[in-house]
Amino acid sequence: MLNSKKILLGISGGIAAYKTAYLIRLFIKAGAEVKVVATQNAFHFVTKVTLETLSKNKVYDNLFAENNDYLTEHIALTDWADFFVVAPATANIIGKFANGIADDALSTSFLAFNKEVFIAPAMNCKMYEHFAIQKNIAFLQSKGIKFIEAPVGELACGYEGKGRMEEPENIFTFVDNYFENAALLKGKRVLITAGPTYEAIDPVRFIGNHSSGKMGIALAEVFAQLGANVTLVAGPIQISTNHPLIERINVITANEMYEKCIKIFSKSDYTVMAAAVADFTIANPEGSKIKKSKKLPQIKLIPTIDILAELGKNKTSKQLLIGFALETDKEKRNAINKLNNKNLDFIVLNSLNDIGAGFGYDTNKVSIFDREGNSKHIELKSKKEIAKDIISYLLKIQV
Ligand code: CTP
């Protein structure tokens with residue numbers, strides 16, 4: 001996957017910098033072109049001559065060097081590269097990246113770069129666990145920067161712990177897999193729904209539910225990481241999404257969600273309805289706030305459209321349609337009824353009886369039931385991992 005890719009390799013001043021000589025060779029052997037941008041401290045651990053010889057390119061390490069090819073070398077380099085790998089990334093350089101500091105060639109190049117960035121951190125285990133580092137890493141991750149996690153092992157300082165740079169072969173495989181995965185569902189269109197819907201009683205109050213939207217968001221993100229074009233129709237939830245392949249449409253009510261989904265569905269190869277859609281709405285919402293009075297207000301409920309069942313009626317043989325079922329009792333029977341009644345390819349059952357699964361949690365425990373009578377039970381794990389399992393199930397049965 002890395003053949004003819006243009007890679008900008010950032011090296012900062014950690015002992016593992018000497019291993020980047022090998023990383024450059026791996027990239028070049030795979031057919032990529034490599035240019036290096038390094039901090040001055042990196043040269044304590046690997047020489048400029050080594051890096052220039054292996055990459056067959058000049059190393060960029062000084063913003064104001066007279067022999068730079070361009071006056072704005074950081075812009076020329078970042079325009080040139082397809083992606084950026086920073087290995088090793090010290091605590092200092094991660095701190096600069098997270099805070100927008102640009103006082104050397106590497107941190108300046110990072111700020112000028114708007115494509116994929118992979119970071120392989122390397123530092124002492126106590127530094128790695130420090131709240132300031134963890135905060136910086138979490139912030140960069142939330143902005144889409146990919147971290148190649150430091151494994152546990154022997155550190156140069158004599159400690160044993162998490163903090164050593166991942167081995168060059170594993171950095172290479174991580175990046176290579178990333179681009180292979182990113183092409184897997186290229187051209188596929190996916191519709192995902194997430195979160196609750198709110199049905200207004202008056203301008204102040206509503207009927208809603210506890211759905212956090214985390215499962216639907218995880219599905220949208222994994223589909224996008226696999227290269228699919230995702231439309232995410234999200235009810236009122238607090239989670240942000242920032243993947244360029246996710247187009248997000250925010251809605252409030254079940255009816256708004258229906259209007260959006262029915263339009264998008266015919267163009268979707270895969271649809272996963274993870275939203276907890278309200279089954280009832282208010283027949284007569286008040287235009288102004290209902291005031292307290294001795295006479296209690298009467299709220300008349302009417303059913304909403306079952307979006308999933310409607311999509312099931314319109315489904316063609318080329319499309320896959322997946323639903324969720326949230327049950328408290330007779331779980332399997334209810335889920336299989338929904339699978340059949342809504343014309344789904346498979347259904348993902350959540351039970352509210354399982355600890356750590358369902359509303360609000362970062363984890364889930366689910367069972368999948370498909371039309372052919374097959375089932376799969378997935379033990380408690382993160383919603384992101386569950387999303388991967390659901391998608392690999394879908395890809396196995398795809399038409
Ligand atoms: N669903 C939908 N539109 C609705 C209600 C539900 O599209 N108005 C979808 C959900 O997104 C989910 C599936 O149908 O994928 C099952 O939802 P669930 O709430 O478990 O079941 P319901 O069909 O609403 O039935 P019940 O509430 O009686 O269990």
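Order of appearance sets the numbers: ligands from 1, and atoms from 1 within every ligand. Note that this is a predicted model, so its numbers are computed, not measured.
Here Lys384 does not pair with Asp362 in a salt bridge; the nearest charged N to carboxylate O distance is not below 4.0 Å. Using a cut-off of 4.0 Å between Lys/Arg side-chain N and Asp/Glu carboxylate O, Asp389 and Lys376 are scored as not salt-bridged. Salt-bridge formation is detected for the pair Asp104/Lys96: a Lys NZ or Arg NE/NH1/NH2 atom is positioned less than 4.0 Å from an Asp or Glu carboxylate oxygen. For Asp61 and Lys48, the salt-bridge test passes: some basic side-chain N is under 4.0 Å from an acidic carboxylate O. Note on Lys338 versus Glu327: salt bridge recorded, some NZ/NE/NH1/NH2 to OD/OE distance being below 4.0 Å. No salt bridge links Glu33 with Lys5; every basic N to acidic carboxylate O contact stays at or beyond 4.0 Å.
At a 3.5 angstrom cut-off on N or O pairs, Val277 does not count as close to ligand 1. Note: no N/O pair closer than 3.5 Å links Ala274 and ligand 1 by distance alone. Geometrically, ligand 1 and Thr193 share no nitrogen or oxygen pair separated by less than 3.5 Å. Residue contacts with ligand 1: Met273 is placed with a nitrogen or oxygen under 3.5 Å of a nitrogen or oxygen of the ligand (distance criterion only). Polar contact check, Ala276 against ligand 1: no nitrogen or oxygen pair lies under 3.5 Å apart. Considering backbone and side-chain N/O of Gly323, none are found under 3.5 Å from N/O of ligand 1.
When only non-hydrogen protein atoms are considered, atom 3 (N) of ligand 1 lies nearest to Ile307 N, 3.0 Å. When hydrogens are left out, the protein atom nearest atom 12 (C) of ligand 1 is Phe324 O, 3.0 Å; that is the closest non-hydrogen contact.
Using a 4.0 Å heavy-atom cutoff, Ala254 is absent from the residues neighbouring ligand 1. Put simply, no part of Met257 is less than 4.0 Å from ligand 1, judged by heavy atoms. Contact analysis leaves Asn334 out of contact with ligand 1, as no non-hydrogen atom separation drops below 4.0 angstrom.
The Ala325 neighbourhood of ligand 1 comprises atoms 20 (O), with distances under 4.0 Å to a heavy atom of that residue. In the vicinity of Ala278, heavy-atom distances shorter than 4.0 Å reach the ligand 1 atoms 8 (N). When each atom of ligand 1 is checked for a heavy atom of Ile305 under 4.0 Å away, the hits are 3 (N), 4 (C), 8 (N).
Side-chain contact between Pro88 and Thr20 is present, with at least one heavy-atom pair separated by less than 4.5 Å. Leu140 has its side chain within reach of Phe110: a pair of non-hydrogen atoms, C-beta onward, lies under 4.5 Å apart.
Note that atom 19 (O) of ligand 1 has no protein non-hydrogen atoms nearby, at separations under 4.0 angstrom. The protein does not reach atom 28 (O) of ligand 1 closely, with no heavy atom under 4.0 angstrom from it.
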For Lys383 and Tyr361, what are the C-alpha separation, side-chain angles and deciding distance, and is it a side chain to side chain donor-acceptor pair (under 3.5 Å)?
CA-CA 8 Å; Lys383 287 189 172 167; Tyr361 289 104; over 6 Å; no
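A continuous path of hydrophobic side-chain contacts links Ile171 to Val46 [ILVMFWY only; heavy atoms under 4.5 Å].
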